[in-house]
Number of protein chains: 2
Amino acid sequence: MTSAERALQELRELILGGGLAPGARLGEVELAERLGVSRTPVREALSRLAAEGLVEISPNRGARVATWTVAELEGVFDLRMSLEPQLTGFAVPNASAADVAELHELAHRMVQVGSPGPRQDLDALVPLNRAFHDRLVALAGHPTLATALAAAIHPPIVRRNFSAYDAESLRRSLAHHLEIVAALRAGDARWARAVMTAHISNARAVMVRAATAGTTQDPTDEEAS
Amino acid sequence: MTSAERALQELRELILGGGLAPGARLGEVELAERLGVSRTPVREALSRLAAEGLVEISPNRGARVATWTVAELEGVFDLRMSLEPQLTGFAVPNASAADVAELHELAHRMVQVGSPGPRQDLDALVPLNRAFHDRLVALAGHPTLATALAAAIHPPIVRRNFSAYDAESLRRSLAHHLEIVAALRAGDARWARAVMTAHISNARAVMVRAATAGTTQDPTDEEAS
DNA sequence: ACCCCTACGTTTGCACACAATCTTCGAGGG
DNA sequence: CCCTCGAAGATTGTGTGCAAACGTAGGGGT
């Protein structure tokens, strides 16, 4: 694996994992020594991340972690609403019994882990949720739609923890997963599309509310001198 | 403007304009001296073009102009079918009388230029068509959807001349533009969406037919020694 | 007291050089 | 005659140095 790829993945992880706050300055030399490589692969990584929409580059002024307004966040959800139900519908005829069982397993574990109580673990929900949606997208067998969706989803995933969900919305979200599995088992593409549309609408409401409320979060740079 | 940007735009023009055939090898040194810059900005341009999907990069094996199978072409049209009607619908409430007049003017000129006869000029149709669709997308006021659409449309635009259209399909396409304007004037988003869906379905049928028939086109590299 | 202009430090943009990898061509053995 | 192995050439990947542009602080002028 090349150094540029390593830098790319590491930076992506850092941004998506919250290690770098939105708006934070990304100096080339700082990142270079932080990742143990030269500036060249760092530049390449930053360029590609800019193409993905994770960082913003101003000529001669360097790169910063991208920030998103509420309007842009809503735009992303519009896009998801256009694509994910479609992908889910495509997945229906391709789902084997084994696939359905696997998805059911994932949805079931999400209910166990996500239900309120002493065993609730919202952080464990994130990889399960991701696995569920990724599996579904893979089943659709539609690389073009999948790529467009992935490009759109990446940015707002930054704060993609489930802490923003209130109990009611979370319960709905978990139920949706199970219902999607049911629709797959029934071979009903229209049903699956409808549930996915509802699923994203629910998520949109939660995220927009969180973003609107959390406008007060620190926009400070990480300029610890 | 930076050298990397110049290289990016020039390469894009070269690929989209047909100056570089799909599958053609893109040597860094060759491009560098062809554009009069060093390898560094060329590398950056190639990297970004790869992110756009116009070129494909294999590690240690260089870059080539991207190629698309018929299946991928159909995938792109699936994506357009998901996004463009949506964008057209969003444009409806934002369209002022002046906007409608402008779009009507464009659609009318396309009919004049595109109708069979001695004054037919298929090449002149391309910029008009592009202006029409761009105007419509701009009216939607939805940067996120617009960006996703633009990213998807770029690749297959390579052969985006209207020579593939038979008389019947071309007449339909021109009529669609006028009908979309009518829907805008009526303020009927559902109507506009439906016509746009039909418009893209028509285009899909034409392009897929052309791609299937034209599989015999030369896959030769430009290895002029 | 406020504004503008200038000089400095920092950072990015680009070019060049070296190292690592892949491809190709040729020779030897089976 | 074909296959395998090896070396040379070419190409990509990465590090480093230099020049240009930007941001900022300080001094002079109005």
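Below, all heavy atoms of this structure are taken into account, side chains as well, without hydrogens, waters or symmetry copies. Throughout, a chain's letter reflects where its sequence line sits, starting with A, and its residues are numbered from 1.
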Chemist: Ignoring hydrogens and angles, write down the donor-acceptor pairs under 3.5 Å from the side chains of residues 87-103 of chain A, residues two or more places apart or on other chains.
Modeler:
| residue | atom | partner | partner atom | Å |
| --- | --- | --- | --- | --- |
| A:Thr88 | OG1 | A:Glu84 | O | 2.7 |
| A:Asn94 | ND2 | A:Phe90 | O | 3.4 |
| A:Asn94 | ND2 | A:Leu139 | O | 2.9 |
| A:Ser96 | OG | A:Ala98 | N | 3.4 |
| A:Ser96 | OG | A:Asp99 | N | 3.2 |
| A:Ser96 | OG | A:Asp99 | OD2 | 2.9 |
| A:Asp99 | OD1 | A:Arg135 | NH2 | 3.2 |
| A:Asp99 | OD2 | A:Ser96 | N | 3.0 |
| A:Glu102 | OE1 | A:Arg135 | NE | 3.4 |
| A:Glu102 | OE2 | A:Arg135 | NE | 3.0 |

Chemist: Just the rounded figure in Å: distance from C1' of D:dG13 to CG of A:Leu8.
Modeler: 15 Å

Chemist: Side chains of B:Leu35 and B:Arg6, heavy atoms from C-beta outward: is any pair under 4.5 Å?
Modeler: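 B:Leu35 does not reach B:Arg6 side chain to side chain.
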
Chemist: I need the residues from residues 41-48 of chain A with at least one non-hydrogen atom less than 4.0 Å from DNA chain D; give them sorted by number, or say none.
Modeler: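 Result for residues 41-48 of chain A: A:Pro41, sorted by number.
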
Chemist: Below 4.5 Å, heavy atoms only, C-beta onward: do A:Leu145 and A:Leu149 meet side chain to side chain?
Modeler: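 The answer is no, as the side chains (C-beta and beyond) never meet within the 4.5 Å cut-off.
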
Chemist: Expressed in angstrom and rounded to an integer, what is the separation of B:Glu28 atom CD from C:dA20 atom P?
Modeler: 18 Å

Chemist: Between atom CD in B:Glu33 and atom C1' in C:dC16, what is the gap in whole Å?
Modeler: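 It works out to 15 Å between those atoms.
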
Chemist: May I ask you to verify if any side-chain N or O of B:Ser3 is less than 4.0 angstrom from the OP1 or OP2 atom of C:dC14?
Modeler: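 Answer yes for this pair, as a side-chain N or O of B:Ser3 is under 4.0 Å from OP1 or OP2.
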
Chemist: Can you tell me how the ring of B:Tyr165 sits relative to the ring of B:Phe162, calling it parallel under 30°, perpendicular over 60° and tilted otherwise?
Modeler: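 Judged by the thresholds at 30° and 60°, the geometry between B:Tyr165 and B:Phe162 is tilted.
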
Chemist: Is the shortest side-chain N/O distance from A:Arg64 to OP1 or OP2 of C:dT11 below 4.0 Å?
Modeler: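 No, outside the criterion.
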
Chemist: Please tabulate the protein-to-nucleotide N/O contacts below 3.5 Å involving nucleotides 16-23 of chain D, giving atom names and distances.
Modeler:
| residue | atom | partner | partner atom | Å |
| --- | --- | --- | --- | --- |
| D:dT16 | O4 | A:Thr40 | OG1 | 3.4 |
| D:dA21 | O3' | A:Asn60 | ND2 | 3.3 |
| D:dG23 | OP1 | A:Arg61 | NE | 2.9 |

Chemist: Check the distance between D:dT11's P and B:Ile57's CD1 and give it to me in whole angstrom.
Modeler: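 Distance check: B:Ile57 CD1 to D:dT11 P gives 16 Å.
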
Chemist: Mind running salt bridge (charged side-chain N to carboxylate O under 4.0 Å, His left out) on A:Glu52 and A:Arg12 for me, showing each step along the way?
Modeler: CA-CA 10 Å; A:Glu52 290 182 21; A:Arg12 221 194 327 243; 2.5 Å; yes

Chemist: In the structure I gave you, are the side-chain heavy atoms of A:Leu46 and A:Leu26 within less than 4.5 Å of one another anywhere?
Modeler: yes

Chemist: Do A:Asn202 and A:His176 have side-chain N/O donor and acceptor atoms under 3.5 Å apart?
Modeler: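 On atom types as modelled, these side chains do not qualify, holding no pair under 3.5 Å.
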
Chemist: Can you tell me the distance, in whole Å, between the CD atom of A:Glu5 and the C1' atom of D:dT14?
Modeler: 14 Å

Chemist: Just the rounded figure in Å: distance from C1' of C:dT12 to CD of A:Glu30.
Modeler: 15 Å

Chemist: Under 3.5 Å, is there a donor-acceptor pair between the side chain of A:Thr147 and the main chain of A:Pro143?
Modeler: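 Confirmed, A:Thr147 side chain pairs with A:Pro143 backbone.
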
Chemist: Does the side chain of B:Leu8 reach to within under 4.5 Å of the side chain of B:Glu44, using non-hydrogen atoms?
Modeler: no

